[in-house]
Amino acid sequence: MSDLSTAAADLIVLTLPDGNTREVPAGTLARDVVGSIGARLLSASVAVAVDGEVVDLMTPLRKSGAFVVITDKDPRALEVLRHSGAHILATAVRRLRPDAAIGFGPAIDDGFYYDFDVEKPFTPDDLAAFEAEMRKVVAEKYAFVREEVSLEEARARFAGDPLKMERLADFEGSDEVISVYTDGPFVDLCRGPHVPDTSYLKHFKLLSIAGAYWRGDVKRQMLQRIYATAFWKKDELETHLHQLEEAKKRDHRVLGKSLDLFFFSPVSPGAAFWTERGTVIVNELQAYLRDLQRDGYQEIRTPLLYNKSLWETSGHWGKYRENMFLVLDNETGEHDMSLKPMNCPSHYVMYASKKHSYRELPLRFNTYDVLHRNEVTGALSGLTRVRQFQQDDCHIFLMESQIADEVRQLVQFILSYYRTFGLTATLKFATRPATRIGSDDMWDQAEAALRGALEATGLPYELKEGDGAFYGPKIDFDVHDSIGRAWQLGTIQLDYAAPERFDLSYTGEDNSAHRPVIIHRAVSGSFERFTAILIEHFAGAFPVWLAPEQIRVIPIADDYRETCEALVARFRAKGLRATVDARNETLNYRVRDGEMQKVPYMAVVGKREAEESTVALRVRHTGKKQEILSVDAFEARVLDEVRTRALTPMPVAATTTEEASA
RNA sequence: GCUGACGUAGCUCAAUUGGCAGAGCACCUGAUUUGUAAUCAGGCGGUUACCGGUUCGAUUCCGGUCGUCAGCUCCA
């Protein structure tokens, strides 16, 4: 206590956003400072920030700095609310299940969760009961009371909570302040900040239960995690829940079924069966990449199955064998062959099969070969996580002096590919990890080359210090899907290790052997995952160049059937994917079917159109608006859109993609 | 792999406390010939994922296997 009283004698200076200052004794509660600015502001306030650090209203302020009052309009306030929501959840759970040991309960991007250690796992019924109990806790309006305690005091308070005791052990020998928060019957070890009392949590919903390892460690016990979300306003919560529903509708697994693109069968878990329609999409993507890589790249094909000597050289046999599908070799009676999980080693073999001159570099091998990785069953998920997939893989062999130019070119290549689909990516730059190979000079040069290329793009990037591969730094490209998930698709990795392991060389200008450097490059990650993202991004309404069925010609009555069939034959002769729907159904029925199948163009032909060589064009998702145009003009328009890989016809739903990820 | 939930017709889903397994859509047949989001009538379709157990009787209860989903872990 004597510490506090001497501290109180000191004054601190708080600078408000408008430039005014408040001089208060150190230890003054944030709430009192806010109150001195205005009573209304105090009632609207949730927390405050001092020099950007968010603390709650009950925190004694000890240092001078920029002082900002956080109201519910500030995004940081939502984080505070959700974190408090986690405590309220734990309060409710503890009331109904006093045996529950408490783990961690943080705010996350879309809400919050809390982990509990319980004998009997929670059920969906429990979830409903917890939510009802939370409403009681909210109604009881318990203040969140902050206390700062000594390690001994904290241990005394959490003696019955083994998980908290373990957390407290981390504070041993640290001078970090230990704070606890109490709301009514519940006490938690917590840094804060929190809303002033439980009544602030008005609009929330418990969403799901899942297992989660204590401290993320597979070797530790599995806790029961409850996921939930909360918002300041009712309509925000409803909008969020609505978006979750909408996201489900554009889930690639749902659309894959309804649009008949692919399916999975228990006879080959984790490997897609692509239907004719789905195959069209994959083939178009591959054709586009081939087109882009016609010059400067060498497309190659290498075996799928290898004996272990290759994997021993590459290092996979030691480090990656668990993820490889091993195959019995009848000669040896051992499982000493494997399907390839990556292309790299086979490309090194290809490179090593000849002598290379510096004049050939950079030498770019690209491939679309099939890869197999034996993922654990729990990891499989639709097309985004599979056991068999194709990468648009490329390995570039080059001299160190060529790295900067090459990387700059690759970044542009990858970004412009994404742009074709209207996708935006965020870039991450991963630098040298603690355990690594190669000299510091080499890393300096490699990182400088990558960084220079990144900065040349003018795009923002996230620096992931120490997150690089052991063999070199890398740039990763994250693309966001409609449900807000970020998928790592593209990657550019510098590799100084593989050339050593495989003893690769080229003959330099000086007529002696030199080590090349290798760049690993992928653009779409895998065709499977990329297709999944495109399905969700476009909500199944593909631009015409990707659409499995581009034109559906519909005769109004049987009399125009032959005219329609002739039109389809004409379109198909031009390479367009056209079909005729002359089924014995009403026009309404067939139009509806075309809309639901998300066919970009429906060309309706009746008496007028048949006589005048026109079509009544219905553009996907534009309702009754229709255009009458000549067959020639229509054909030219579609051909042009296909040729330019235009994003047309723009799906109405695409606008919601941006909102969903925002 | 781990925790939990789930698995019924091609698809989406029903089926009281264990008592003959249903509907809509799709598909097939017929009528209808349609001017822009579901014409009418009839019909076909199931070893209730698989294996075993309890029971007079199992879609229902129990165990196992496989698969799917939500996460954890991992990852293109």
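Throughout, a chain's letter reflects where its sequence line sits, starting with A, and its residues are numbered from 1.
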Discussion item. I'd like the C1' distance from B/U73 over to B/G10, given in whole Å.
Written reply: 36 Å
Worksheet item: Between A/Phe204 and A/Phe112, is the ring centre distance below 6.0 Å?
Response: no
Worksheet entry | Short N-O contact, A/Arg432 and A/Asp467, less than 4.0 angstrom | no
Item to complete: Look at the side chain of A/Tyr213 against the base of B/G1 and say whether a donor-acceptor pair falls under 3.5 Å; ignore hydrogens and angles.
Response: yes
Fill in: Aro-ring/base stack A/Phe389-B/A76, d under 5.5 Å, angle under 30°
yes
Practice prompt. Measure the distance from CZ on A/Arg215 to P on B/U73 and round it to the nearest whole Å.
Written response: 14 Å
Worksheet item: According to a strict under-4.0 Å criterion, is A/Arg253 in side-chain N/O contact with OP1 or OP2 of B/C11?
Response: no
Worksheet item: So, are A/Glu627 and A/Arg618 salt-bridged, with charged N and O less than 4.0 Å apart?
Response: no
Worksheet entry | Counterpart base for B/C61, defined by Watson-Crick or G-U wobble contacts under 3.5 Å | B/G53
Practice prompt. For B/G53 and B/A15, measure between their C1' atoms and round to the nearest Å.
Written response: 24 Å
Discussion item. Categorize A/Glu609 for me: base, sugar-phosphate, or nothing, with a 4.0 angstrom heavy-atom threshold over every strand shown.
Written reply: base
Worksheet item: Taking CE from A/Met222 and P from B/A5, how many angstroms apart are they, rounded to a whole number?
Response: 14 Å
Worksheet item: Among B/G67, B/A37, B/G35, which is the nearest nucleotide to the side chain of A/Pro266?
Response: B/G67
Fill in: Distance-minimising heavy-atom pair for A/Tyr114 and A/Gly105
CD1-CA, 3.4 Å
Practice prompt. Give none if B/A21 has no partner; otherwise give the nucleotide forming a Watson-Crick or G-U wobble pair with it, both distances under 3.5 Å.
Written response: none
Worksheet item: When rounded to the nearest Å, what value does the distance between C1' atoms of B/C72 and B/U65 take?
Response: 23 Å
Discussion item. Does B/C74 have its OP1 or OP2 closer than 4.0 Å to a side-chain nitrogen or oxygen of A/Tyr320?
Written reply: no
Discussion item. Could you tell me how far apart A/Asp559 (CG) and B/U34 (P) are, to the nearest whole angstrom?
Written reply: 8 Å
Fill in: A/Glu406 atom CD, neighbour heavy-atom count above 12 within 6.0 Å
yes
Worksheet item: Counting side-chain heavy atoms from C-beta on, which of B/G67, B/G35, B/C75 comes nearest to A/Arg529?
Response: B/C75
Worksheet item: If each of A/Ser265 and A/Ala616 is mapped to the nucleotide of RNA chain B with the nearest heavy atom, which maps nearer the 5' terminus, i.e. the 5' end?
Response: A/Ala616
Item to complete: Would you mind pulling out the nucleotide paired to B/U47, Watson-Crick or G-U wobble, both distances under 3.5 Å?
Response: none
Item to complete: Taking the six-membered ring for Trp and the single ring otherwise, decide whether the centroids of A/His335 and A/Phe325 are under 6.0 Å apart.
Response: no
Worksheet item: If the C1' atom of B/U54 is compared with that of B/A41, how far apart are they to the nearest Å?
Response: 47 Å
Practice prompt. Under 4.0 Å between any heavy atoms, over every strand shown, what does A/Glu595 touch: base, sugar-phosphate, or nothing? Just pick one.
Written response: base
Worksheet item: Base, sugar-phosphate, or nothing for A/Gly382, non-hydrogen atoms under 4.0 angstrom?
Response: sugar-phosphate
Discussion item. Between A/Asp251 and A/Lys248, is the salt bridge (charged side-chain N to carboxylate O under 4.0 Å, His left out) condition met? List the steps.
Written reply: CA-CA 5 Å; A/Asp251 186 315; A/Lys248 266 188 214 162; over 6 Å; no
Worksheet item: Closer than 4.0 Å, any side-chain N/O of A/Arg618 to the OP1 or OP2 of B/A37?
Response: yes
Discussion item. I want to check one thing: is the phosphate of B/A37, taken as OP1 and OP2, less than 4.0 Å away from some side-chain N or O of A/Arg590?
Written reply: no
Tabulate atom names and distances for all N/O pairs under 3.5 angstrom spanning the protein and nucleotides 39-42 of chain B.
residue	atom	partner	partner atom	Å
B/U39	OP1	A/Thr586	OG1	3.2
B/U39	OP2	A/Thr586	OG1	2.8

Item to complete: Rounded off to whole Å, could you give me the CZ-to-P distance for the A/Arg385 and B/U68 pair?
Response: 13 Å
Fill in: Nearest-0.5 Å distance, CZ of residue A/Phe116 to CD1 of residue A/Ile209
11.0 Å
Discussion item. Reading RNA chain B from 5' onward, which residue's closest nucleotide shows up sooner: A/Val218 or A/Lys257?
Written reply: A/Lys257
Worksheet entry | Inter-nucleotide P distance (B/U48, B/C2), Å rounded | 29 Å
Item to complete: Tell me what A/Arg225 touches on the nucleic acid: a base, only sugar-phosphate, or nothing, going by heavy atoms under 4.0 Å.
Response: sugar-phosphate
Worksheet item: B/A5 and B/G18: how far apart are their C1' atoms, nearest whole angstrom?
Response: 23 Å
Practice prompt. Tell whether A/Arg373 reaches the base of B/C75 with its side chain through a donor-acceptor pair below 3.5 angstrom.
Written response: no
Worksheet item: Can a donor-acceptor pair under 3.5 Å be found between the side-chain atoms of A/Glu375 and the base atoms of B/A76?
Response: yes
Worksheet item: Between A/Asp99 and A/Arg97, is there a salt bridge with N-O shorter than 4.0 Å?
Response: yes
Fill in: Ring centroid separation A/His240 to A/Phe231 under 6.0 Å
yes
Worksheet item: Are A/Phe122 and A/Phe130 close enough that their ring centres sit under 6.0 Å apart?
Response: yes
Worksheet item: Taking a pair as Watson-Crick or G-U wobble with both distances under 3.5 Å, which nucleotide is matched to B/U16?
Response: none
Discussion item. Need the pair for B/C74. Rule: Watson-Crick or G-U wobble, both distances under 3.5 Å, any strand; none if unpaired.
Written reply: none
Worksheet item: Which part of the nucleic acid, if any, lies within contact of A/Gly594, taking any heavy atom under 4.0 Å across all strands shown: a base, the sugar-phosphate backbone alone, or nothing?
Response: nothing
Discussion item. Rounded to whole Å, how long is the line connecting atom CZ of A/Arg583 with atom P of B/A38?
Written reply: 14 Å
Item to complete: Answer with base, sugar-phosphate or nothing: what part of the nucleic acid does A/Ala522 contact at a heavy-atom distance below 4.0 Å?
Response: nothing
Worksheet item: Quick one: is the NZ or CZ of A/Arg364 closer than 6.0 Å to the six-membered ring centre of A/Tyr297, and within 45° of its axis?
Response: yes
Identify the pairs formed between an N or O of the protein and an N or O of nucleotides 63-65 of chain B at a distance under 3.5 Å, and give each distance.
none

Worksheet item: Contact class for A/Leu371 (heavy atom, under 4.0 Å): base, sugar-phosphate, or nothing?
Response: nothing
Discussion item. Considering every strand and a 4.0 Å limit on heavy-atom distances, what is the contact class for A/Phe530: base, sugar-phosphate, or nothing?
Written reply: nothing
Worksheet item: If you look at every strand shown and take non-hydrogen atoms under 4.0 Å, does A/Gln626 touch a base, only sugar-phosphate, or nothing?
Response: base
Practice prompt. For residues A/Phe104 and A/Trp214, establish whether the separation of their ring centroids is below 6.0 Å.
Written response: yes
Worksheet entry | Rounded distance in Å - CG (A/Leu244) to P (B/G71) | 10 Å
Fill in: Phosphate OP1/OP2 of B/G1 contacted by A/Thr377 side-chain N/O (<4.0 Å)
yes
Item to complete: Quote, to the nearest angstrom, the C1' distance that separates B/C6 from B/C50.
Response: 16 Å
Worksheet item: Given atom CG of A/Asp260 and atom P of B/C25, what is their separation to the nearest angstrom?
Response: 21 Å
Item to complete: Would you mind pulling out the nucleotide paired to B/G30, Watson-Crick or G-U wobble, both distances under 3.5 Å?
Response: B/C40
Fill in: Span that lies between the C1' atom of B/U8 and that of B/U68, in whole angstrom
15 Å
Worksheet item: What does B/C6 pair with, Watson-Crick or G-U, if both distances are under 3.5 Å?
Response: B/G67
Worksheet entry | Cation-pi check, A/Arg220 onto A/Tyr213 ring (under 6.0 Å, within 45° of axis) | no
Discussion item. Under 4.0 Å, heavy atoms only, any strand: does A/Gly211 hit a base, just the sugar-phosphate, or nothing?
Written reply: base
